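Below is one structure; the comments refer to it alone.
Note that the structure is predicted; figures quoted are calculated from it, not measured.
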Amino acid sequence: MSVKIIVVDDEPEIADGVAWMAEKLCPDCKVSAVAYGGEEGYERAHALLPDVILTDIKMPDCDGLAMIKKLRKKNLKIRYIILTGYAEFEYARQAISLGVEDFITKPVEEDELKKVLSHTCQAVLEERKDKESLQQMKGIVKDYVLKEFLDNRKGYQGEVEKYLEQEGVCGKGKKCLCMAVEMDDEIDEQVWRELLIGEKDEIESLEFLKSGILVEYSRGLFVLLGELTENMRSETVIARIESKKHRFGRKLRQPVSIGLGFCDGPEHLPEAFEEARCALNYRILKGADCVISYEQIRDIEECSVIISKQDIEQLSEHIDRMDNAGIKSLVEHIFLRISEEENLSLQDLQMLSLNLVLSGIRKIPFVQFQMNRYLGKNIFSLESISKFRTMEQLQNWIVNILQGMNELMLRDDMSEKRDIIAEVKGYISKNFNREISLNEISEHFFINPYYFSHLFKKKTGETYQNYLIRLRMERAKKLLEETDLKVYEICERVGYSDTNHFIKMFARMTEMNPGEYRKVYKEGKD
């Protein structure tokens with residue numbers, strides 16, 4: 001793209017001559033306008049926004065320096081070159097204070113004009129290239145590089161640190177914050193940007209940050225990197241974020257969990273991010289709607305919570321008797337007891353969960369255990385434990401696993417004595433005109449929902465939900481073909497309360513909406 005130039009001189013012959021020479025001598029130049037006075041030059045510059053203005057100094061209506069002063073007040077990014085005679089050096093000296101790029105003496109010589117213009121145009125093009133690179137860098141950092149940097153992968157440290165410094169986000173040696181924000185439901189990045197940073201990409205609502213940048217690390221996890229204001233203590237930051245979090249939660253209508261890590265300088269942000277994620281993992285202990293700093297959990301001592309011998313004996317009895325209610329009551333009692341521990345660590349919680357699951361697995365014959373290793377494999381790492389957002393979720397998961405032991409031990413007998421899937425299909429056929437949840441099926445047939453889902457897919461080749469949808473859509477097609485019922489009436493008869501959702505599901509299955517399907521069917525019949 002060429003460099004836009006405006007030539008301003010009250011002598012038309014000089015102005016037109018300089019414009020002609022500029023385009024001839026410098027291929028990068030494009031003269032957008034020629035003005036024959038300072039006022040006209042100001043109006044043209046304000047309208048055309050040129051990159052460079054070549055202007056005479058002495059002009060009757062408005063001299064060149066006055067024009068430059070007026071344009072400077074508009075904060076327009078324009079470079080200025082002065083056309084000056086030897087007798088006007090005092091004016092040239094004043095021009096220096098206005099940030100004039102260069103001078104060309106009159107009468108204008110081609111070599112001098114070419115040299116000055118080429119130098120100025122090159123500076124404009126390089127600045128434009130740097131700006132484009134920075135804009136591209138913003139996109140790359142947002143979508144990829146910054147996440148790689150936070151994951152402490154080699155190859156991006158220097159590039160990202162330079163970018164953060166250019167953006168004024170985190171200066172060398174400055175106290176920096178890494179804030180990891182997580183919620184249950186996915187949310188658009190723009191919503192978080194307006195909540196955390198503001199519509200103008202400024203830290204408007206977080207007065208404890210001097211500057212910051214927001215990145216969507218993964219679905220449901222946003223990371224805010226920022227430089228703390230002078231003399232801001234971490235305790236104060238935590239307290240202020242806590243107050244802000246309640247506002248976020250009310251606006252988003254869901255719990256918001258925040259993990260915090262602090263560091264000195266941008267080069268240590270990956271460590272701060274690791275600390276923030278580690279702190280965020282503790283939401284299972286602190287509650288899903290919390291603010292946790294790594295500093296607060298760093299010194300937690302292991303309290304060695306164990307399951308008593310009596311707990312294990314009672315659990316064995318409940319499993320032997322296939323007493324699902326007893327299993328649930330015992331696990332709830334154990335979790336109520338451990339929730340009162342103030343210094344419970346993730347390692348303690350992992351060991352407790354592992355003991356409970358293994359206590360149930362010991363009741364399963366070895367061959368069955370080999371076939372159903374999925375029961376235990378997801379509980380053997382801290383990372384898996386931290387995926388549960390609340391203690392209640394972990395508790396319910398363990399209850400389902402232990403109650404599922406009953407189903408596993410009865411599996412062979414069940415397959416011989418009854419075809420459970422056939423019974424479920426019969427039940428669905430009679431009740432598909434209303435909402436049928438997986439929990440309802442499991443309660444009606446006394447079968448663990450987790451086990452039932454896997455068994456149904458294995459026996460039928462499709463998920464329970466897909467089977468139910470397909471059954472409803474087949475019934476809907478029949479009603480469209482054989483009756484004059486309106487779409488909303490058919491919607492209700494096949495178990496949907498939302499007509500728009502029904503139409504969407506019907507179109508997904510048949511690649512046409514109900515009205516189109518009825519029309520095509522009748523035309524084919526005729």
Side-chain angles (χ1 to χ4, degrees), residues 130-131 133-182 189 192-217 221-245 247-248 256-280 291-299:
D130 288 343
K131 186 177 180 181
S133 296
L134 182 60
Q135 292 298 324
Q136 185 180 19
M137 179 64 180
K138 286 182 179 180
I140 295 173
V141 167
K142 184 73 173 55
D143 297 329
Y144 180 73
V145 176
L146 187 52
K147 289 187 282 188
E148 294 285 296
F149 169 73
L150 290 175
D151 286 335
N152 212 14
R153 294 179 181 169
K154 294 181 180 180
Y156 298 101
Q157 280 80 355
E159 191 174 16
V160 172
E161 287 172 29
K162 182 179 178 182
Y163 166 77
L164 294 174
E165 188 175 355
Q166 287 177 339
E167 289 293 289
V169 173
C170 295
K172 288 284 185 182
K174 299 294 185 180
K175 187 77 172 178
C176 300
L177 166 71
C178 180
M179 185 165 82
V181 186
E182 190 171 50
E189 178 192 343
W192 266 118
R193 184 170 295 280
E194 292 178 8
L195 277 174
L196 291 173
I197 295 183
E199 296 181 6
K200 299 180 181 178
D201 283 354
E202 298 173 357
I203 302 297
E204 297 173 347
S205 61
L206 303 179
E207 67 281 357
F208 50 83
L209 285 184
K210 181 180 178 182
S211 57
I213 183 172
L214 183 70
V215 61
E216 185 178 9
Y217 181 82
L221 177 61
F222 290 86
V223 180
L224 179 65
L225 306 174
E227 181 179 321
L228 295 177
T229 53
E230 294 293 333
N231 303 318
M232 181 63 66
R233 294 168 58 87
S234 57
E235 297 87 351
T236 306
V237 173
I238 294 170
R240 295 189 180 181
I241 291 178
E242 184 70 54
S243 65
K244 297 290 183 184
K245 181 188 68 63
R247 181 169 67 87
F248 299 157
V256 176
S257 301
I258 298 176
L260 303 176
F262 298 92
C263 66
D264 294 318
E267 67 273 19
H268 297 298
L269 281 171
E271 292 94 324
F273 175 59
E274 185 63 30
E275 291 180 356
R277 292 181 71 183
C278 182
L280 197 58
V291 176
I292 312 170
S293 167
Y294 181 75
E295 295 176 353
Q296 295 172 321
I297 65 168
R298 181 179 52 202
D299 300 324

Next on the checklist: For Lys175, give me all partners under salt bridge (Lys or Arg N to Asp or Glu O under 4.0 Å), at least two apart in sequence or on another chain.
Outcome noted: none

Next on the checklist: According to side-chain contact (heavy atoms from CB on, under 4.5 Å), who are the partners of Cys176, at least two apart in sequence or on a separate chain?
Outcome noted: Cys170, Cys263, Leu269

Checklist entry - Quick one: does Tyr217's side chain get under 4.5 Å of Val181's, heavy atoms only? => result no

Checklist entry - Out of curiosity, Leu209 CG to Leu228 CG, how far, rounded to the nearest 0.5 Å? => result 6.0 Å

Checklist entry - Who are the salt bridge (Lys or Arg N to Asp or Glu O under 4.0 Å) partners of Glu271, not counting sequence neighbours? => result none

Next on the checklist: Glu274: which residues meet the salt bridge (Lys or Arg N to Asp or Glu O under 4.0 Å) condition with it, sequence neighbours left out?
Outcome noted: none

Checklist entry - What distance separates Thr229 OG1 from Lys210 NZ, expressed to the nearest 0.5 Å? => result 9.5 Å

Checklist outcome for this item: Rounded to the nearest 0.5 angstrom, the CD1-CD1 distance for Ile241 and Ile292 is 12.5 Å

Checklist entry - What pairs with Asp264 under side-chain hydrogen bond (donor to acceptor under 3.5 Å, both in side chains), at least two apart in sequence or on another chain? => result none

Checklist entry - Can you tell me how far CZ of Arg277 sits from SG of Cys178, rounded to the nearest 0.5 angstrom? => result 10.0 Å

Checklist outcome for this item: With sequence neighbours left out, the residues meeting side-chain contact (heavy atoms from CB on, under 4.5 Å) with Ser234 are Phe262, Glu295

Next on the checklist: Working to the nearest 0.5 angstrom, can you tell me the gap between Ser293 OG and Ile258 CD1?
Outcome noted: 12.0 Å

